[in-house]
Amino acid sequence: MKLGLLHTSSVHVPVFDGLRDAHHPGLELRHHVVESLLERARVEGPDAVTPQVRAALVAAGEGAAAVLCTCSTIGGVAEALGPEVGVPVVRVDRPMAAAAVAAGASGGGARVGGPRVRGPRVRGPRVVVLATVESTLGPTVALIEEEARKAGREAAVRSVVVDGAWERFAAGDSEGCLALVARAASDVRDADADAVVLAQVSMAGAERLVLAGAVRVFSSPRVGLDAAAAVVAAARGDGRAPVVGGVPGVV
């Protein structure tokens, strides 16, 4: 069985092919790229492209057991359309959001390359959302708050657009974009947050550049693909997929 992927940028195709080769060999991917979805959603909002997202999901889901939507801006719209298009739709950032909430629930202050600092905690997880485009912030913040409510907690979410990062990405300077994102993530201190969320798939490479001792950083491609692969496996009877945050495949 195939997994369909709906992208709003062709640069994501090799990212998910590489993750498939490394972690899910044998999983057949069917990529469908519609860049205009993000272009319009950035200007008019995600709901404005609902009919176009529906059509794109139908195309991506042809012959597939599930569709993974890799765009965080339209992810909520795509997920909601799943019952209409007749194929399970996984939004790539839901497992990431659930993991970030869980990190805060475990006491927070988790550090990369350093000891955990313990101290007074706020009621729920403190999450900083980094994005390169404004349109991604609303859907990502709402998703984290939803996952926190499921966990019986109240998240404190702060959102930041990384200045200049999108311009670098749009100009083809991916490394320059990632450097700016990593700098922003490294500047977040564990006194201020329990987790940093990289809202877009295109930001995931910044994880390797974040300075040791920074707040734990979460990105979506690996865990999103894991969740979608588990849906495909369950559909073909390979076993029952575990569920975290309403999405099979992440433990």
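- Tracing side-chain contacts under 4.5 Å through hydrophobic residues (I, L, V, M, F, W, Y), one reaches Val90 starting from Leu27; they form part of the same cluster.
- Leu143 and Val127 are members of different hydrophobic clusters when ILVMFWY side chains are connected at heavy-atom separations under 4.5 Å.
- Between Ser159 and Leu137, the closest heavy-atom pair is CB-CD2, 3.7 Å.
- By the salt bridge (charged side-chain N to carboxylate O under 4.0 Å, His left out) test, Glu175 is found to be paired with Arg208, residues two or more places apart in sequence or in another chain being considered.
- More than 12 heavy atoms of other residues, nucleotides or ligands sit less than 6.0 Å from atom CD of Glu44.
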Could you give the side-chain donor-acceptor pairs of residues 8-18 under 3.5 Å, partners two or more places apart or in another chain?
from  : atom 1 : to    : atom 2 : distance (Å)
Ser9  : OG     : Val11 : N      : 3.4
Asp17 : OD1    : His31 : NE2    : 2.8

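- Considering only heavy atoms from C-beta on, Leu3 comes within 4.5 Å of Leu225 through its side chain.
- Closest approach of Pro221 and Val92 over heavy atoms only: CA-CG2, 4.3 Å.
- In terms of the side chain to side chain donor-acceptor pair (under 3.5 Å) criterion, residue partners of Thr132 (sequence neighbours excluded) are, by chain and number, Gln200.
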Pair Asp192-Val128, side chain to side chain contact (heavy atoms under 4.5 Å, CB included): steps then yes or no: CA-CA 9 Å; Asp192 304 317; Val128 174; 6.0 Å; no

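- The side chain to side chain contact (heavy atoms under 4.5 Å, CB included) test applied to Ala182 returns Ala206, Leu209, Val210, not counting sequence neighbours.
- Results of the side-chain contact (heavy atoms from CB on, under 4.5 Å) test with Val129 over Val161, Val160, Ile144 single out Ile144 as the only residue that passes.
- Hydrophobic clustering (side-chain heavy atoms under 4.5 Å, transitive across Ile, Leu, Val, Met, Phe, Trp, Tyr) keeps Leu178 apart from Val201.
- A search for side chain to side chain contact (heavy atoms under 4.5 Å, CB included) contacts involving Arg222 returns Leu19, His23, Asp226, not counting sequence neighbours.
- Between Arg20 and Gly26, the shortest heavy-atom distance links the atoms CD-N, 4.5 Å.
- Atom CE in Met1 sits 8.5 Å away from atom CZ in Arg236 (nearest 0.5 Å).
- Closest heavy-atom contact between Ala97 and Glu147: CB-CG, 4.0 Å.
- Between atom OG of residue Ser135 and atom CD1 of residue Ile74 there is a gap of 10.0 Å, rounded to the nearest 0.5 Å.
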For a quick test of your reading: what N or O donor-acceptor pairs under 3.5 Å do the side chains of residues 45-72 make, sequence neighbours left out?
from  : atom 1 : to     : atom 2 : distance (Å)
Thr50 : OG1    : Asp47  : O      : 2.8
Gln52 : OE1    : Arg40  : NH1    : 3.4
Arg54 : NE     : Glu84  : OE1    : 2.9
Arg54 : NH2    : Glu84  : OE1    : 3.2
Thr70 : OG1    : Leu6   : O      : 3.2
Thr70 : OG1    : His7   : ND1    : 2.8
Ser72 : OG     : Asp93  : OD2    : 3.4
Ser72 : OG     : Ala199 : O      : 2.5

Does Glu146 form a salt bridge (charged side-chain N to carboxylate O under 4.0 Å, His left out) with Arg149? I'd like the steps, not just the answer. CA-CA 5 Å; Glu146 177 188 340; Arg149 288 193 298 272; 5.3 Å; no

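- Criterion: ILVMFWY side-chain heavy atoms under 4.5 Å apart, direct or through other members. Under it, Leu198 and Phe169 are not part of a common hydrophobic cluster.
- The two residues Ala103 and Arg216 come nearest to each other via the heavy atoms CB-NH1, 4.4 Å.
- Residue Trp166 comes nearest to Arg42 through the heavy atom pair NE1-NH1, 3.1 Å, listed as atom of the first residue, atom of the second, then distance.
- In this structure, Leu180 is a member of the same hydrophobic cluster as Val196, with clusters built from ILVMFWY side-chain heavy atoms closer than 4.5 Å.
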